[in-house]
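Structure record follows, encoded as structure tokens.
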Protein chains: 2
Amino acid sequence: MAKPKIEEFSANEIYFADIVKALSHPARVRILKILTEMNLCMCGEIVNQLPLAQATVSQHLKELKRVGLIQGDIDGPKVCYCVNPDNLFKAKKELENIFNQLTKKGALSCKTKKK
Amino acid sequence: MAKPKIEEFSANEIYFADIVKALSHPARVRILKILTEMNLCMCGEIVNQLPLAQATVSQHLKELKRVGLIQGDIDGPKVCYCVNPDNLFKAKKELENIFNQLTKKGALSCKTKKK
DNA sequence: ATCGTTCATCGTAAATATACGATAGATAAG
DNA sequence: CTTATCTATCGTATATTTACGATGAACGAT
């Protein structure tokens, strides 16, 4: 089974994992960067800036849209994409929370460095 | 091909994606939390706190070790795991950089909300 | 109405990821 | 040495991910 046993984890844990997974591919991060820098961007422009086929880029856009990090508006035959600042901010805060939990405590290293 | 076309992306982009992917599973995040809270932790304790088989947990631990977020020291027949604070901090900074890049600019929403 | 452009979706192939039982290796205890 | 414990690894099954060509749907322009 490639599917995590998500039913065993909380809704928040699953939400976090979902957002993070969307950020776990270089192409998707680059898409987000492009959209941030260009402020409104046609799908075709993104395809031109990535070493991937149009169908593949479209799939990545769909995934980013699914988790709410971007949105796409139809503009004639083209589609205008942009980031969703609210959700991006929310994801940022969520990640900060996790990392603060993981780094705040003393969190000593192992003493016995045998391996 | 399930493999991203990593050769097309920079080393830093790939490093980031790799770290983030390690964080994209609820079980692995929970493992990190357990290790942070308990400060040194036997593998068996982790298995007890997760709804997963020992073999599966061991696999997740291996992945976290691979990306450098944790380390495991042999202690007799047991293995003592702990987070790697340096790499965790590095990952945190890396994520902050990305998000700062993605959220700093005006990053307007689309105007035409047709879809 | 037809054509060209733009993009999403379908179908498909191959690689990865997730999960678990079974097994093997290492060590402590007896 | 034998046994019990702990953990990694192997083998395997299944689902998901990544990628691309081909096709289809929507729209503007002619």
Side-chain angles (χ1 to χ4, degrees), chain A residues 1-9 13-14 17-18 20-31 40-67 70-82 110 112 114-115, chain B residues 1-9 13-14 17-18 20-31 40-67 70-82 110 112 114-115:
Chain A
M1 311 148 190
K3 192 166 206 161
K5 295 178 80 175
I6 53 174
E7 60 285 359
E8 309 283 0
F9 297 94
E13 284 174 311
I14 294 165
D18 219 33
V20 169
K21 187 153 62 182
L23 296 172
S24 73
H25 193 294
R28 286 192 291 265
V29 174
R30 206 183 273 185
I31 287 172
L40 305 190
C41 187
M42 297 305 129
C43 173
E45 301 179 51
I46 301 171
V47 174
N48 289 338
Q49 296 188 49
L50 290 178
L52 298 170
Q54 182 265 323
T56 305
V57 172
S58 197
Q59 236 175 208
H60 284 308
L61 288 168
K62 187 179 180 182
E63 179 60 16
L64 287 170
K65 205 158 48 174
R66 187 185 68 79
V67 300
I70 68 173
Q71 64 188 70
D73 301 348
I74 294 175
D75 177 23
K78 305 181 179 182
V79 175
C80 159
Y81 281 102
C82 62
C110 301
T112 55
K114 291 183 192 165
K115 197 174 191 181
Chain B
M1 310 150 188
K3 191 167 207 162
K5 295 179 84 176
I6 53 174
E7 61 285 358
E8 308 284 359
F9 296 94
E13 283 175 312
I14 294 166
D18 219 33
V20 169
K21 187 153 59 182
L23 296 172
S24 73
H25 193 294
R28 287 192 290 265
V29 174
R30 206 183 271 185
I31 287 171
L40 305 190
C41 187
M42 297 305 127
C43 172
E45 302 178 52
I46 300 169
V47 172
N48 288 338
Q49 295 189 50
L50 290 177
L52 298 170
Q54 181 265 323
T56 305
V57 172
S58 197
Q59 236 174 209
H60 283 308
L61 287 168
K62 187 180 180 181
E63 179 61 14
L64 287 170
K65 205 159 47 177
R66 187 184 68 78
V67 300
I70 69 173
Q71 64 187 69
D73 301 350
I74 294 175
D75 177 23
K78 305 181 178 182
V79 175
C80 159
Y81 280 102
C82 62
C110 300
T112 55
K114 292 184 193 164
K115 198 173 188 179

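In what follows, every chain begins at residue 1, and chains take the letters A, B, ... in the order their sequences are listed.
- Considering only side-chain N and O atoms, B:K78 lies nowhere under 4.0 angstrom from the phosphate OP1 or OP2 of D:dT7.
- The side chain of B:K62 lies closest to D:dT9, out of C:dT9, D:dT7, D:dT9.
- One finds a side-chain N or O of B:H25 lying less than 4.0 angstrom from the OP1 or OP2 phosphate oxygen of C:dA19.
- Atom-to-atom, CG of B:D75 to C1' of C:dA26 comes out at 13 Å; the value is rounded to the nearest Å.
- Each of B:K21 and A:G44 lies near DNA chain C, and the nucleotide nearest A:G44 is the one positioned closer to the 5' end.
- Counting all heavy atoms, side chain and backbone alike, B:K21 lies closest to B:S24 at O-OG, 2.6 Å.
- Here the side chains of B:L52 and B:H60 are in contact, with some heavy-atom distance below 4.5 Å.
- Checking C:dA15, D:dT7, C:dC7 against every side-chain atom of B:K3, the shortest atom distance belongs to C:dA15.
- Nearest-nucleotide positions on DNA chain D place B:E45 closer to the 5' end than the other of B:P4 and B:E45.
- Within a 6.0 Å sphere centred on NZ of A:K5, other residues, nucleotides and ligands contribute more than 12 heavy atoms.
- Between B:Q71 atom CD and D:dT7 atom P there is a gap of 16 Å when expressed in whole angstrom units.
- Distance, B:I6 CD1 to D:dT17 P: 18 Å, rounded to whole Å.
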Distances under 3.5 Å only, N/O to N/O: pair up the protein atoms with those of nucleotides 20-29 of chain D.
from	atom 1	to	atom 2	distance (Å)
D:dC20	OP1	B:K5	NZ	2.8
D:dC20	OP2	A:A53	N	2.9
D:dC20	OP2	A:T56	OG1	3.1

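- Remark: B:I6 CD1 to B:I14 CD1 distance equals 5.0 Å, nearest 0.5 Å.
- The CG atom of A:D18 sits 13 Å away from the P atom of D:dT16 (whole-angstrom rounding).
- Nucleotide D:dT7 holds its P atom 13 Å from the CD1 atom of B:I70, rounded to whole Å.
- With B:Y81 as the partner, the side-chain contact (heavy atoms from CB on, under 4.5 Å) test is satisfied by one option alone out of B:K65, B:Q71, B:M42: B:K65.
- Minimum heavy-atom separation, A:Q49 to A:R30: O-NH1, 4.0 Å.
- The distance from atom CG of B:L64 to atom P of D:dT7 is 16 Å, rounded to the nearest whole Å.
- Rounded to a whole Å, the CG atom of A:L61 is 6 Å from the P atom of C:dA8.
- Every residue two or more places apart in sequence or in another chain that forms a side-chain contact (heavy atoms from CB on, under 4.5 Å) with B:V67 is listed here: B:D18, B:I19, B:A22, B:E63, B:L69.
- Regarding A:R66, its CZ atom lies at a distance of 16 Å from the P atom of C:dA8, rounded to whole Å.
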